Amino acid sequence: MPYFFYFWFTVARFLARLVRVRRAAARHTAAYLHEMERELNGVFDEATFQKVVNSHSLYLPIVNDSFSALHGRYTNAAEQERSIHYFICSSLLDNFFDHGTLSPQQVNAIVFEPGAYSPQNFDERAFLFSHLFLLRDMKHWQAYGRVLRDVVQAQSDSLRQFDPQITDEEIQCITFSKGGNSVLLCRYYLDSDACEAEEQCWYRLGTLIQLCNDLVDIYKDRQDGIQTLPARCTDAEALAALFNKQLKGFHEQVALLPYPRKRKMDFSLAMAGVYSPGLVAIDNLRKLQAGAESLPPPDQVPRKALILDMEKPANIARWIRYVYRHAWRG
């Protein structure tokens with residue numbers, strides 16, 4: 001089948017399933033969280049509740065199912081339950097750091113010494129409940145523990161991003177470690193064993209997702225004084241080169257996957273849908289730079305110029321173009 005027809009057929013099939021699976025996953029996750037609230041005698045704050053529901057219901061059909069499809073199947077019920085607990089843990093861990101409700105030492109204690117930790121409120125009880133649930137079901141203890149330690153360290157290191165003196169090299173290291181290891185952690189919640197190239201795909205996808213998030217949040221991060229590579233970017237082409245380098249590395253790992261070519265193409269197409277908004281955001285920075293040697297100073301850039309609205313027809317068209325162009329074809 002010519003690639004043009006393969007592309008549109010696969011995208012249509014994928015989007016139809018995504019809508020169906022996401023709707024069902026959102027309902028199931030909301031009910032699951034309410035049951036946890038009753039069991040643990042408390043409630044999630046609304047922002048955290050919605051974050052878990054939205055994150056799991058999107059991640060399941062787009063990421064987890066795409067990696068599982070490499071093994072000729074979709075994510076099963078036990079894996080989906082682990083994914084819900086992962087997003088509970090990751091959302092609450094973000095809160096602990098972002099809201100300062102736990103010190104880095106307390107975070108280390110609740111994560112790495114959960115049996116000895118005495119929770120003081122519902123959020124801590126919920127984190128421990130989900131964290132211990134995931135640990136009980138873990139097949140690869142040592143590897144999982146190493147990645148988990150890297151995630152917590154990256155979260156702690158990210159507090160340094162409030163320091164204007166932090167170097168670009170330090171920001172890149174934190175960005176890639178935080179994004180890459182957070183996504184790699186999800187590999188351990190699936191039953192299928194993963195080869196080295198597949199684990200690299202998880203990690204590199206995470207670095208691309210983190211870069212995308214930072215590109216989308218440029219205005220907010222500048223207002224909050226958070227130092228990210230896009231927020232302090234002065235040259236759109238340099239940022240594009242960094243993004244494309246990560247993208248090239250991801251494609252190289254896809255090529256090494258020991259699975260049928262059709263499965264790898266379907267997988268790569270789904271992943272292109274994940275990271276292509278970053279390419280659209282870089283296009284917006286290029287327009288701002290308008291061929292000059294550098295981007296205009298932040299105080300001269302209006303808010304709406306930095307907001308990425310993916311509902312605009314022009315941005316949707318560019319997203320489709322980048323998905324078509326950047327998916328691995330073998």
Side-chain angles (χ1 to χ4, degrees), residues 48 51-52 55 59 63 83 85-114 117 123 127 130-131 134-135 138 140-189 194 199-218 220-221 224-233 239 242-243 245-247 249-250 253 274-275 278:
T48 301
K51 183 177 180 180
V52 174
S55 297
Y59 208 82
V63 178
S83 177
H85 283 288
Y86 163 75
F87 282 110
I88 292 170
C89 285
S90 65
S91 298
L92 290 174
L93 190 64
D94 284 344
N95 291 349
F96 296 154
F97 277 106
D98 295 346
H99 302 160
T101 52
L102 290 182
S103 68
Q105 293 76 18
Q106 290 173 309
V107 169
N108 280 329
I110 199 172
V111 174
F112 300 114
E113 300 176 35
Y117 191 88
D123 281 358
F127 180 90
S130 292
H131 183 40
L134 293 171
L135 291 177
M138 186 51 56
H140 306 282
W141 275 84
Q142 289 187 338
Y144 178 77
R146 287 194 298 269
V147 178
L148 181 60
R149 195 167 291 278
D150 287 341
V151 169
V152 174
Q153 185 61 56
Q155 283 275 23
S156 181
D157 290 343
S158 68
L159 297 176
R160 291 159 45 205
Q161 290 181 256
F162 286 97
D163 179 5
Q165 301 305 314
I166 190 172
T167 67
D168 287 351
E169 291 75 17
E170 290 174 305
I171 295 174
Q172 181 174 316
C173 183
I174 294 169
T175 300
F176 288 177
S177 182
K178 181 179 178 181
N181 285 304
S182 294
V183 172
L184 176 58
L185 208 60
C186 298
R187 161 262 183 275
Y188 296 100
Y189 306 136
E199 291 194 344
Q200 282 294 317
C201 285
W202 281 101
Y203 183 88
R204 289 175 182 273
L205 175 66
T207 66
L208 289 165
I209 290 174
Q210 188 61 53
L211 283 172
C212 287
N213 290 342
D214 290 345
L215 280 159
V216 170
D217 290 340
I218 289 178
K220 177 180 178 297
D221 288 339
D224 294 341
I226 300 174
Q227 306 296 313
T228 68
L229 295 176
R232 60 162 52 176
C233 174
L239 191 58
L242 174 66
F243 195 97
K245 181 179 179 180
Q246 290 303 111
L247 187 53
F250 177 77
Q253 297 303 317
V274 173
Y275 58 69

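These numbers come from a predicted model, not from an experiment.
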Taking all atoms of both residues into account, what is the closest heavy-atom pair of [X] and [Y], and its distance?
X: Ile88; Y: Ser130; value: CG2-OG, 3.4 Å
X: Tyr86; Y: Leu185; value: CE1-CD2, 3.9 Å
X: Pro104; Y: Ser156; value: CB-OG, 4.1 Å

Practice task
Check the pair Tyr144 / His140 against ring pair (Phe, Tyr, Trp, His ring centres under 6.0 Å), numbers first and verdict last.
Solution key: CA-CA 6 Å; Tyr144 178 77; His140 306 282; 9.7 Å; no
Exercise for the section: Using the side chain to side chain contact (heavy atoms under 4.5 Å, CB included) rule, take Gln106 and Thr101 through it: C-alpha gap first, then chi angles, then the decisive distance, then the call. Expected result: CA-CA 9 Å; Gln106 290 173 309; Thr101 52; over 6 Å; no
Close side-chain approach of [X] to [Y], heavy-atom, < 4.5 Å:
X: Leu215; Y: Leu239; value: yes
X: Gln253; Y: Trp202; value: no
X: His85; Y: Tyr189; value: no
X: Phe96; Y: Asp123; value: yes
X: Gln227; Y: Asp163; value: no
X: Asn181; Y: Tyr203; value: yes
X: Leu205; Y: Val274; value: yes
X: Leu135; Y: Pro114; value: yes

Practice task
Could you walk me through whether Asn95 and Thr48 pass the side chain to side chain donor-acceptor pair (under 3.5 Å) test, one step at a time?
Solution key: CA-CA 8 Å; Asn95 291 349; Thr48 301; 2.9 Å; yes
Handout entry: Arg160 with Asp157: basic N within carboxylate O range, under 4.0 Å
Key = yes
Test item: [X] side-chain N/O and [Y] main-chain N/O as donor-acceptor pair under 3.5 Å:
X: Ser182; Y: Lys178; value: yes
X: His131; Y: Cys89; value: no
X: Arg232; Y: Pro164; value: yes

Just how far is it from atom [atom1] of [X] to atom [atom2] of [Y], taken to the nearest 0.5 Å?
X: Asp217; Y: Asp224; atom1: CG; atom2: CG; answer: 9.0 Å
X: Ser90; Y: Lys51; atom1: OG; atom2: NZ; answer: 6.0 Å
X: Ile174; Y: Ile166; atom1: CD1; atom2: CD1; answer: 4.0 Å
X: Ile209; Y: Tyr275; atom1: CD1; atom2: OH; answer: 11.5 Å
X: Leu93; Y: Phe87; atom1: CG; atom2: CZ; answer: 13.5 Å
X: Leu229; Y: Glu169; atom1: CG; atom2: CD; answer: 9.5 Å

Problem - side chain to side chain contact (heavy atoms under 4.5 Å, CB included) evaluation trace for Val107 with Phe127 - result: CA-CA 11 Å; Val107 169; Phe127 180 90; over 6 Å; no
Handout entry: Pair Gln210, Asp214: side-chain N/O donor-acceptor within cut-off below 3.5 Å
Key = yes
Problem - Donor-acceptor side-chain pairing of Ser158 and Gln161 below 3.5 angstrom - result: no
Problem - Verdict with supporting geometry, Phe250 and Gln200, side chain to side chain contact (heavy atoms under 4.5 Å, CB included) - result: CA-CA 8 Å; Phe250 177 77; Gln200 282 294 317; over 6 Å; no
Problem - Stepwise side chain to side chain contact (heavy atoms under 4.5 Å, CB included) test for Val152 and Gln155 - result: CA-CA 5 Å; Val152 174; Gln155 283 275 23; 5.6 Å; no
Problem - side-chain hydrogen bond (donor to acceptor under 3.5 Å, both in side chains) partners of Asn213, counting only residues at least two apart - result: none
